[in-house]
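Naming convention: chains lettered A, B, ... in sequence-line order (proteins, then strands); numbering from 1 in each chain.
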Number of protein chains: 2
Amino acid sequence: MATMKEIAQAAGVSTATVSRVLNGAPLISAETAARVTAVMQELNYRPNHVARSLRTVSTRTLGVLVSNVANPFFAGLVHSIEDSASDRGLGLILGNASEQPDRQLAYLHSFLEKQVDGIIITPTGSDPGWAEEVLARKLPLVFVDRTLTGVDVPSVTIDDAAALRQLIEHLKSEGHRSAALITGPTANMPIRHRIAGFVAAAEALDFAVRPEHIIEGGVSREDGSRAVQKLLALPGERPDVIFTLNNTMALGALAELQAAGLSIPRDIAFASYDDSPWFDVLTPTVTAIAQPVSEMGRAAVELVSKIIAGEEAGPVALPATLIIRRSSERASS
Amino acid sequence: MATMKEIAQAAGVSTATVSRVLNGAPLISAETAARVTAVMQELNYRPNHVARSLRTVSTRTLGVLVSNVANPFFAGLVHSIEDSASDRGLGLILGNASEQPDRQLAYLHSFLEKQVDGIIITPTGSDPGWAEEVLARKLPLVFVDRTLTGVDVPSVTIDDAAALRQLIEHLKSEGHRSAALITGPTANMPIRHRIAGFVAAAEALDFAVRPEHIIEGGVSREDGSRAVQKLLALPGERPDVIFTLNNTMALGALAELQAAGLSIPRDIAFASYDDSPWFDVLTPTVTAIAQPVSEMGRAAVELVSKIIAGEEAGPVALPATLIIRRSSERASS
DNA sequence: CTGAAAGCGCTTACAG
DNA sequence: CTGAAAGCGCTTACAG
């Protein structure tokens, strides 16, 4: 691989001049620039980004650390972040915590060592210790989706209070009177928000959500199945509606309801947080609260770019939207 | 951020010694090692990976470039590659060509400049020119899923001849006699393989696939819808089965069949290449040929690691498997 | 408009 | 067992 020194020799100039041509610095004579450029092309020169980074103390690279790429929501987020970063000429180093705080910490350290210019993270676990270390190094940091209390970090979150309220209103208008809620891991801030929002809206609208019908689920398909099994085994009246707090659990819940021979929405209605492209091919199509994934990714990149540039950057909250489909229709039409 | 020099000063040793302690070099006295380690901890030292890479000419980083992360198959592949790479202590720089050769080329160049230790790619387009450039630099390169003719690059591919034949056998045994094939982009090698494999198996087993029933689809949901519309508008007898060559198109095809009021498998049977977790929640559940995505990612990382280590590394072909569900059952039972 | 020189933070033969 | 010194490939004040 040709180095800058070789280019300089071949073009009969100093490396300083080659560097200036490469970076489009002003005050270079047109003919020098042309000659150097020609030599670079001829020798198929590629600048060594590692050397450049060491010198300029900037890698033009973002570290992106998600809680679990197996979850389509996070995969979509990575996609959108990749898109926006590439638009800005920023590269991406990818990390996946798989919901394990120690894996998250290992990635974080590798991000620090690799001198990333900024970090976008959906934090896993609730210990904000690592964030303080990152902040102490003055490294731009942004939370997406999930947040952590106890540290002052700008974030991109979802405002779903309105959508949750609309969901309850819709369910009521269809004649439903009670719901079960299958939650995600309550350690996560947005999950707690969703639960609180759902319960608050239900209370305000006089819609029944019995305490035993709030079942702690998780993040996987199996968590969804298990929660439905648990729910169906409960004594007393069955709720009119089941609402799952993410679409991976919806998958398990729907399979379980089918296995139990229950027809949706005739025997029980259904809705889920997180939309999925499959929701309008399922029978029945599935009512969902959709998160603006692309916008979240774009906003996160914008936020971290601003911080890198030393600009002011406040938190961003993006609205979720209710998408009404057939799974939440009234039982008897 | 503390540097090695500061650690050396604080510990009263040279930077060479600090470096040796850091890298666990032999021949260091236990007390020196202990003292240096203590200082590193105290000052919260993180080695600068950029400086290290410049010196050692190794970044311990892989460039991963997929054709389209929006496709769940590629997203799964990235996940699996990330997993295996992390097990081996390798970092990941992610690129997404979005099926555009010029975007692919831009990422490739950035990988070269960032001095990645190896590249795993699902090539987009059919021009192998860029691969020659990579190979000329002696940079380890591995193809996954897709391959390119005209260059000698080890690859991880799918052997689906047997699965395709089993599919035809199954369809026949269910009483079906003819099928339509909705293809992906025929510019891609594995797509051409799938088409050839399907057609060959059909011929061998005397199963009808009329030329006009081989419809060029694409990669998106819309491509799937469009192909089904085209198929249904065709004069003459309808095929007994529709087979789509990826699950994103299956989504569009299924929606379109529903919209047309056709019941599966009563009016027309259905199967798709690429499994999806949603396929066994759909009504009916969908027969599919599944690719071993995790194994593919793992094999790709293994392959590139071997080449980096200077070992021999031949191509890997992994078998696809047929998963029979209800969408391909006989029409009248 | 261009060059000589210093330096980014490490690693590694070479001595001792 | 440890240190002095060179050097990886760039960029950038400082001179001229």
Side-chain angles (χ1 to χ4, degrees), chain A residues 1-37 39-40 43-61 109-117 137-139, chain B residues 1-37 39-40 43-61 109-117 137-139:
Chain A
M1 283 186 273
T3 68
M4 189 167 268
K5 205 167 153 190
E6 300 174 54
I7 303 295
Q9 275 164 355
V13 295
S14 72
T15 59
T17 299
V18 177
S19 174
R20 290 191 185 106
V21 172
L22 196 62
N23 296 297
L27 303 182
I28 291 283
S29 82
E31 46 183 343
T32 308
R35 186 152 37 96
V36 171
T37 307
V39 173
M40 290 197 301
L43 300 189
N44 220 321
Y45 172 70
R46 299 261 166 243
N48 184 326
H49 189 263
V50 172
R52 178 183 228 280
S53 294
L54 179 60
R55 188 49 231 252
T56 60
V57 199
S58 150
T59 52
R60 306 283 304 149
T61 300
H109 287 163
S110 97
F111 286 179
L112 293 177
E113 296 181 1
K114 286 175 180 168
Q115 317 294 123
V116 297
D117 287 351
R137 288 168 193 262
K138 309 248 176 275
L139 185 57
Chain B
M1 282 186 273
T3 68
M4 190 167 269
K5 205 167 153 190
E6 300 174 54
I7 303 296
Q9 274 163 358
V13 295
S14 72
T15 58
T17 299
V18 178
S19 173
R20 291 191 184 104
V21 172
L22 196 61
N23 296 296
L27 304 181
I28 291 282
S29 82
E31 48 183 342
T32 308
R35 186 153 36 96
V36 171
T37 306
V39 173
M40 290 197 300
L43 299 189
N44 219 321
Y45 173 70
R46 298 261 166 243
N48 184 326
H49 188 263
V50 172
R52 176 184 230 281
S53 294
L54 179 60
R55 189 49 232 250
T56 60
V57 199
S58 150
T59 52
R60 304 285 304 152
T61 299
H109 287 162
S110 96
F111 286 178
L112 292 179
E113 296 180 1
K114 287 175 179 168
Q115 317 295 122
V116 296
D117 287 352
R137 288 167 194 265
K138 309 249 176 274
L139 186 57

Would you indicate whether the side-chain heavy atoms of [Y] and [X] approach each other to under 4.5 Å?
| X | Y | answer |
| --- | --- | --- |
| A/Y45 | A/L22 | yes |
| B/V21 | B/R35 | no |
| A/N48 | B/Q115 | yes |
| A/T61 | A/K114 | no |

Spacing of [X] atom [atom1] relative to [N] atom [atom2], expressed in whole Å:
| X | N | atom1 | atom2 | answer |
| --- | --- | --- | --- | --- |
| B/M40 | C/dG9 | CE | P | 17 Å |
| B/N48 | C/dC10 | CG | P | 5 Å |
| A/N23 | D/dT11 | CG | C1' | 8 Å |
| B/K5 | D/dA5 | NZ | C1' | 14 Å |
| A/R52 | D/dC8 | CZ | P | 20 Å |
| B/M4 | C/dC10 | CE | P | 5 Å |
| A/L27 | C/dG3 | CG | P | 14 Å |
| B/Q9 | D/dA4 | CD | P | 12 Å |

A/S53: what forms a side chain to side chain contact (heavy atoms under 4.5 Å, CB included) with it, not counting sequence neighbours? A/H49, A/T59, B/V50

Side-chain N or O of [X] versus OP1/OP2 of [N]: is the shortest distance under 4.0 Å?
| X | N | answer |
| --- | --- | --- |
| A/T3 | D/dC10 | no |
| B/S29 | D/dT2 | yes |
| A/Y45 | D/dC10 | yes |

Residues from residues 14-22 of chain A lying under 4.0 Å of DNA chain C - heavy atoms: A/S14, A/A16, A/T17, A/R20

Counting the atoms with a prime plus P, OP1 and OP2 as sugar-phosphate, which does [X] contact under 4.0 Å by heavy atoms, base, sugar-phosphate, or nothing?
| X | result |
| --- | --- |
| A/L54 | base |
| A/T32 | sugar-phosphate |
| B/V13 | sugar-phosphate |

Say we look at C/dC1 and C/dA5: how far apart would their P atoms be, to the nearest angstrom? 24 Å

Suppose you measure atom C1' in C/dG16 against the same atom in C/dT12; what distance do you get, rounded to whole Å? 16 Å

Would the distance check show the side chain of B/R20 and the main-chain N or O of B/A25 forming a donor-acceptor pair, the cut-off being under 3.5 Å? no

Please check if the side chain of A/Q9 supplies one atom and the backbone of A/E6 the other of a donor-acceptor pair under 3.5 Å. no

Taking Watson-Crick and G-U wobble pairs with both distances under 3.5 Å, convert DNA chain C into its dot-bracket string, 5' to 3', dots for unpaired and | for cross-strand pairs. |||.||||||||.|||

Per the side chain to side chain contact (heavy atoms under 4.5 Å, CB included) rule, which among B/S14, B/P47, B/S19 passes with B/M4? B/S19

Please round to the nearest 0.5 Å and tell me the distance separating atom CZ of B/R60 and atom OG of A/S110. 12.0 Å

Gap between atom CZ of B/R46 and atom CZ of A/R137 - 0.5 Å precision: 5.5 Å

